[in-house]
Protein chains: 4
Amino acid sequence: MPQNLDKKDKPQKDKPDKDIPVKGKKDKYHRILNAAIKVFAEEGFFHSTISQIAKEAGVADGTIYLYFKSKDDILLQFFNFKSARVLDRFRKDVNEANDAGSRLENLIHSHLREFQKDPNMAVVFQAEARKGRYLENRVNNLTKTYLGIVGEIIEQGQVEGVFRKDLYFSLVKRFVLGSVDEVINAWVNAGGKYELSSMADPLVDLLLRGIGSRSAMAGQ
Amino acid sequence: MPQNLDKKDKPQKDKPDKDIPVKGKKDKYHRILNAAIKVFAEEGFFHSTISQIAKEAGVADGTIYLYFKSKDDILLQFFNFKSARVLDRFRKDVNEANDAGSRLENLIHSHLREFQKDPNMAVVFQAEARKGRYLENRVNNLTKTYLGIVGEIIEQGQVEGVFRKDLYFSLVKRFVLGSVDEVINAWVNAGGKYELSSMADPLVDLLLRGIGSRSAMAGQ
Amino acid sequence: MPQNLDKKDKPQKDKPDKDIPVKGKKDKYHRILNAAIKVFAEEGFFHSTISQIAKEAGVADGTIYLYFKSKDDILLQFFNFKSARVLDRFRKDVNEANDAGSRLENLIHSHLREFQKDPNMAVVFQAEARKGRYLENRVNNLTKTYLGIVGEIIEQGQVEGVFRKDLYFSLVKRFVLGSVDEVINAWVNAGGKYELSSMADPLVDLLLRGIGSRSAMAGQ
Amino acid sequence: MPQNLDKKDKPQKDKPDKDIPVKGKKDKYHRILNAAIKVFAEEGFFHSTISQIAKEAGVADGTIYLYFKSKDDILLQFFNFKSARVLDRFRKDVNEANDAGSRLENLIHSHLREFQKDPNMAVVFQAEARKGRYLENRVNNLTKTYLGIVGEIIEQGQVEGVFRKDLYFSLVKRFVLGSVDEVINAWVNAGGKYELSSMADPLVDLLLRGIGSRSAMAGQ
DNA sequence: CATGAATGAGGTTTCATTCAT
DNA sequence: GATGAATGAAACCTCATTCAT
């Protein structure tokens with residue numbers, strides 16, 4: 001799924017694909033992409049060099065430029081590619097359920113599960129996506145879409161009566177995202193040593209009920 | 001409060017200090033530090049150059065190396081310096097109150113207030129502090145200390161009976177940090193265009209009561 | 001008229017040539033050569049890439065190396081090939097006339113006509129041939145031969161009594177070449193927007209009579 | 001006379017120039033410029049590398065970028081700088097005389113003398129200045145100005161009655177330039193082995209009287 | 001013969017850091 | 001202490017050329 005077809009194109013060849021014609025290209029594209037993400041995860045984007053990525057991918061330095069316009073483009077393609085996949089998965093999992101509560105649950109489970117499945121991706125997302133005045137334009141999309149999903153769930157929950165009606169909408173969305181994000185952060189900083197998914201249920205519980213005790217709340 | 005006391009320090013020249021003995025030093029140190037943070041906030045750490053910082057600070061490039069060991073060291077000193085100040089303030093404000101609820105409230109108010117007061121710091125903290133890999137050792141300290149403060153409040157609140165007793169301790173702490181962090185993130189990404197502090201009360205409310213409606217909760 | 005006959009040549013495969021035996025080869029050779037000249041004319045030799053030439057010629061990059069030893073070789077072959085053709089034409093046109101005056105006239109007409117007919121060639125000749133410590137050896141041949149033709153005409157004209165006898169021989173030859181060359185230069189720089197040939201007669205007149213007025217000359 | 005004051009400026013220092021304050025800068029600027037021209041003359045612009053230039057100038061590679069924005073900029077500055085100087089000299093020498101004939105003579109003498117004095121400059125001018133496409137905008141200025149000077153002389157000569165009145169103006173200018181240019185070309189290609197200036201008088205004679213014999217002309 | 005993906009040497013440029021003044 | 005010109009390592013990227021298919 002190479003997306004930088006700009007330069008040379010020659011995307012699918014014009015000869016009919018006999019066996020696994022484009023597969024070679026695809027393979028190498030993903031080989032490089034994964035190598036890059038691994039290196040980015042280990043070294044950070046700016047400290048990573050094309051040479052490291054090339055070595056990790058088992059290709060020559062120049063080869064990388066057959067698939068990516070620049071070092072920046074690698075990160076960009078990664079975000080475009082992974083964001084799409086991940087958001088698709090989120091949406092799919094959310095839609096498996098019908099009521100807002102289960103949907104929120106599914107979203108968070110899905111989120112943690114996906115990031116746990118691909119720790120390098122998790123590291124790079126946490127490290128490069130949520131900052132970096134650098135790729136902001138593109139990455140904000142990811143955040144924006146995520147917040148959109150959360151927003152829909154919240155609204156539905158309010159209609160269903162399971163979520164409070166007196167919520168500061170744009171705040172709640174950040175509240176959810178921030179919580180999950182930081183849980184992943186903790187996991188990443190710990191070196192991915194424990195089961196990230198196991199955080200899902202407790203986290204959902206916290207999101208729904210907060211940390212205040214029932215009795216204390218009663219007094220409010 | 002220069003901390004790289006290696007090179008030069010007390011030996012204040014052999015000429016008698018005419019005017020403001022250490023003050024000159026201190027001034028320039030902070031001038032550089034603030035200039036650096038401004039530049040880091042605008043360009044990102046890696047895209048910033050010593051020359052930009054020097055120009056912003058109104059000193060020569062070489063002068064920076066009289067106060068800082070390296071470019072990295074600037075960021076480091078910034079974190080050490082600001083972390084200390086900020087955490088002091090947090091603690092002080094937390095201690096202004098006695099009950100856990102008010103303390104949590106104060107912490108979050110303080111947090112948002114401090115970051116709003118110094119947007120450059122906010123940007124740099126959000127952008128560079130969490131990248132881990134790089135400055136992790138030192139910056140983790142900040143996070144760790146922050147989580148410690150939160151932890152103390154939580155424990156106190158549980159003793160007081162105002163916070164739930166069935167809380168996953170290490171998760172709750174991240175839950176609080178993540179929420180605040182993301183609220184700041186949103187504010188930074190929006191360009192600091194609104195009153196960050198105004199988020200404090202709604203956020204505390206969310207943390208305490210969660211997003212679930214009372215009636216729905218009753219069913220659990 | 002491929003001249004790098006090293007690699008492959010007559011051995012036209014063992015399979016019988018089905019259609020147009022050598023024609024295919026020749027065609028592709030010229031296709032590449034013309035494509036190259038077009039690209040060289042547009043981009044300059046050094047800024048041109050094999051890929052551009054290949055695309056322009058409608059062949060694969062690698063195919064070019066079946067016909068040319070190297071990128072340099074393309075330029076070289078171009079000069080060899082075009083020089084031969086052009087010089088042939090010059091000589092032929094010169095020989096159409098008998099007296100030196102008409103021969104000079106014919107040479108210059110021919111020169112301007114040929115270059116006008118093939119603007120890409122003109123551009124490349126002007127840009128790469130008359131400089132470039134680069135291809136000097138080969139290209140000097142062209143210049144040398146051209147100067148030779150001019151020289152013969154001059155000598156003949158002196159015998160005929162139509163050209164001055166007190167001419168600095170090697171200078172006169174350069175004088176003629178330089179004039180024509182610069183006229184072409186002007187035309188090329190103007191983007192080939194006017195009729196180059198129309199310069200022939202006025203130029204010949206200038207060469208013969210100079211810019212001095214008759215009366216003024218009388219005083220010398 | 002560094003002209004790329006863009007980046008850093010700090011041109012004259014603010015401290016009073018004690019001895020030869022800016023001289024150091026100026027020196028190095030010209031050291032690099034001359035080294036570059038020498039290398040360009042030997043290798044051609046495109047085959048020259050920054051490293052070669054740096055070595056020739058006795059500075060580090062990076063130093064070059066303190067004085068020039070890019071490799072291209074070196075050539076550009078050279079043209080700007082040398083063109084100005086050379087054209088000044090031309091004009092000055094032209095103005096030493098009053099009548100058009102002497103002025104043309106002076107121009108050509110000056111032209112050949114200047115180029116002979118600085119063979120590297122001569123080589124680079126001949127090789128790179130006319131390539132157009134590349135630096136055209138700036139270099140065309142040189143050509144344009146030169147043609148302007150020639151044009152003025154021609155017009156004056158026509159008024160004075162020493163030059164023919166039936167001249168194709170834009171052609172004559174090219175005619176003069178082309179002749180001189182090619183004479184220099186020949187000298188450069190010969191390796192500067194002879195006295196270029198000695199060509200001036202014969203060339204002027206050719207320009208004025210042409211190659212046709214008086215008697216032949218009479219018959220026209 | 002033809003292809004075009006792959007190679008990797010080599011070039012330009014940046015910039016943290018040093019050090020003579 | 002302060003300066004800022006100079007350094008040169010190191011990074012990114014291009015593209016002529018090769019070779020397996």
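Note that the structure is a prediction, hence the values are computed from the model and not measured. The figures that follow rest on heavy atoms only: side chains count, while hydrogens, waters and symmetry mates do not. Here is the naming used below: chain letters follow the sequence lines, and residue numbers restart at 1 for every chain.
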Exercise. Across the strands shown, which category fits Thr49(B) at heavy-atom distances under 4.0 angstrom: base, sugar-phosphate, nothing?
Worked result: sugar-phosphate

For this session: Check whether any side-chain heavy atom of Leu75(A) sits under 4.5 Å from a side-chain heavy atom of Val124(A), and report yes or no.
Result: yes

Problem set entry | Integer-rounded Å distance: dG11(E) P and Phe45(D) CZ | 14 Å

For this session: Determine, step by step, whether Arg31(A) and Asp27(A) satisfy the side-chain contact (heavy atoms from CB on, under 4.5 Å) criterion, reporting the C-alpha distance in whole Å, the side-chain angles of both residues, the deciding distance to 0.1 Å, and the verdict.
Result: CA-CA 6 Å; Arg31(A) 193 135 57 90; Asp27(A) 269 2; 5.5 Å; no

Problem set entry | Most 5' of Thr63(B) and Ser70(C) on DNA chain F, judged by nearest nucleotide | Thr63(B)

Table of protein N/O atoms under 3.5 Å from nucleotides 19-21 of chain E N/O atoms:
none

Exercise. Taking the six-membered ring for Trp, are Tyr29(A) and Phe81(A) parallel (under 30°), tilted (30 to 60°) or perpendicular (over 60°)?
Worked result: perpendicular

For this session: Starting at CD1 of Ile74(B), measure out to CD1 of Ile53(B) and round the result to the nearest 0.5 Å.
Result: 4.5 Å

Problem set entry | side-chain hydrogen bond (donor to acceptor under 3.5 Å, both in side chains) against Asn120(A), all qualifying residues, sequence neighbours excluded | none

Exercise. According to a strict under-4.0 Å criterion, is Lys28(D) in side-chain N/O contact with OP1 or OP2 of dA5(F)?
Worked result: no

Problem set entry | Residue Lys71(B), side-chain heavy atoms: nucleotide from dT17(E), dT3(E), dA6(F) that is nearest | dT17(E)

For this session: Mind listing the residues from residues 51-60 of chain D sitting with a heavy atom below 4.0 Å of DNA chain F? Number order is fine.
Result: Val59(D), Ala60(D)

Problem set entry | Listed partners of Lys71(D) passing side-chain hydrogen bond (donor to acceptor under 3.5 Å, both in side chains), at least two apart | none

For this session: Would you give the length of the straight line joining atom CG of Asp73(A) to atom CG of Leu76(A), rounded to the nearest 0.5 angstrom?
Result: 6.0 Å

Exercise. Does Thr49(D) have any side-chain hydrogen bond (donor to acceptor under 3.5 Å, both in side chains) partners at least two apart in sequence or in another chain, and if so, which?
Worked result: Gln52(D)

Exercise. What residue among Phe78(C), Phe40(C), Phe45(C) forms ring-ring contact (aromatic ring centres under 6.0 Å, His included) with Phe125(C)?
Worked result: Phe78(C)

Problem set entry | Sugar-phosphate only, base, or nothing, as touched by Ile50(A) at under 4.0 Å among non-hydrogen atoms | sugar-phosphate

Seminar exercise, completed: Symbol by symbol from the 5' end, with Watson-Crick or G-U pairs under 3.5 Å, [ ] crossing and | another strand, DNA chain F is .||||||||||||||||||||

For this session: Please list, chain by chain and in numerical order, all residues satisfying side-chain hydrogen bond (donor to acceptor under 3.5 Å, both in side chains) with Ser70(D), sequence neighbours excluded.
Result: none

Exercise. Could you give the CZ-to-C1' distance, from Phe46(B) to dA10(F), as a whole number of Å?
Worked result: 15 Å

Exercise. Quick one: on DNA chain E, does Asp61(D) or Asp61(A) contact a more 5' nucleotide (nearest heavy atom)?
Worked result: Asp61(A)

For this session: Can you sort out the partners of Thr63(B) under side-chain contact (heavy atoms from CB on, under 4.5 Å), two or more places apart, ordered by chain and number?
Result: Lys28(B), Val59(B), Ala60(B), Leu66(B), Tyr67(B)

